[in-house]
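All ligand and atom numbering here is 1-based and tracks the order in the structure.
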Amino acid sequence: VTVTRRQLLAGMAAAAAGLAGVFPVTQATGRSIIFISPHPDDETLAMGAAIAQHLAAGRQVHALALTAGTATRVRGELNGDAIAPWWGVRHDPAAEGYAPLTTAAIGQARLREWHAALDQLGVPQANRHEAGLQDGAVTVEGAMAAIRAVADGLPNTGLWTTSWVADRHPDHLAAGQAVRRLGQLDPIRWWDRRYTVLPTYWADPIRYPAPGRAWLLPADTTQRRKAINACRCYGAWQPRSGAYAVGMHSVDALFTKVMADPRCMVHRD
Ligand SMILES: [Zn+2]
């Protein structure tokens, strides 16, 4: 069988066109970005579409969970101490097929949700990092050290985390302040710093950044769908398999907002 040059080129073009649908054409920049979650779920609630977007652009995306989120009130709700508004009836671990959750177990459950969400967004497993800081007690210094530990060996890396101004959770604010502080200390090393605003605060009259300082990132259909599917991971209820829907028990109204509009609001320093 002989193949003419013309046929060969046509075949290559067709193959390239087919591949482009599977593997989006990447931009020249393959530099790294670290998406920093104070708790497992912040990456999905505040940064999901942006994570999918950076992966589509060919960036080396890393995810860092500062804490395992063990301080959540959801542990008590799952153990039957209180009724979770989202669930609506009191949990009964014995009847529902699970042992009451220890602090360690709730952290493991939350990190499983985080991993499942990152699977949907497309973050490689080798690029996921857990800092093990204490939930509810994240300090600027602790977050800075955790970020440096991951960024070591990643030159020219970008840092994305929750806002240092448009938020009310002290851990979120500390994460944002850590990134801001790194930029103040070494603006060349940490030149690319972005802060994401949870939808809770998009119209917050007190904490919302000054007009013009924050903007909604455009996201294409695939990126939006991936962000929505990441949200679904936080609603998985299958206690015999270690899935406790912790995220949804915790902030179901916020997940509903993100699933309705998964774009990310971003600001700089
Ligand atoms: Zn959080």
A.B. asks: For a side chain to side chain contact (heavy atoms under 4.5 Å, CB included) check, start with the C-alpha distance between Y195 and V266, then their side-chain angles and the critical distance, and finish with the verdict.
C.D. replies: CA-CA 5 Å; Y195 310 90; V266 185; over 6 Å; no

A.B. asks: Anything under 30° is parallel, anything over 60° is perpendicular, the rest tilted; go ahead and classify F35 against W160.
C.D. replies: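 It falls in the tilted class, 30° to 60°.
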
A.B. asks: Please collect all salt bridge (Lys or Arg N to Asp or Glu O under 4.0 Å) contacts where either partner lies in residues 121-150, sequence neighbours excluded, each pair once.
C.D. replies: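 As it turns out, the salt bridge (Lys or Arg N to Asp or Glu O under 4.0 Å) pairs with a partner in residues 121-150, which skip direct neighbours, are D119-R128.
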
A.B. asks: Between D81 and R75, is the closest basic N to carboxylate O distance under 4.0 Å?
C.D. replies: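 A salt bridge is absent here (no side-chain N lies under 4.0 Å from a carboxylate O).
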
A.B. asks: Distances under 2.8 Å only: what protein N/O/S atoms are near the Zn ion (ligand 1), ordered by chain and residue?
C.D. replies: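 N, O, S partners closer than 2.8 Å: H39 ND1, D42 OD1, D42 OD2, H172 NE2.
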
A.B. asks: Under the ring pair (Phe, Tyr, Trp, His ring centres under 6.0 Å) definition, can you give me all pairs with a residue in residues 101-157, not counting sequence neighbours?
C.D. replies: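 Listed once each, the pairs are H62-H129.
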
A.B. asks: Taking salt bridge (Lys or Arg N to Asp or Glu O under 4.0 Å) as the cut-off, I'd like each qualifying pair that reaches into residues 227-254, sequence neighbours left out, listed once.
C.D. replies: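 Sorted result for residues 227-254: empty, none.
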
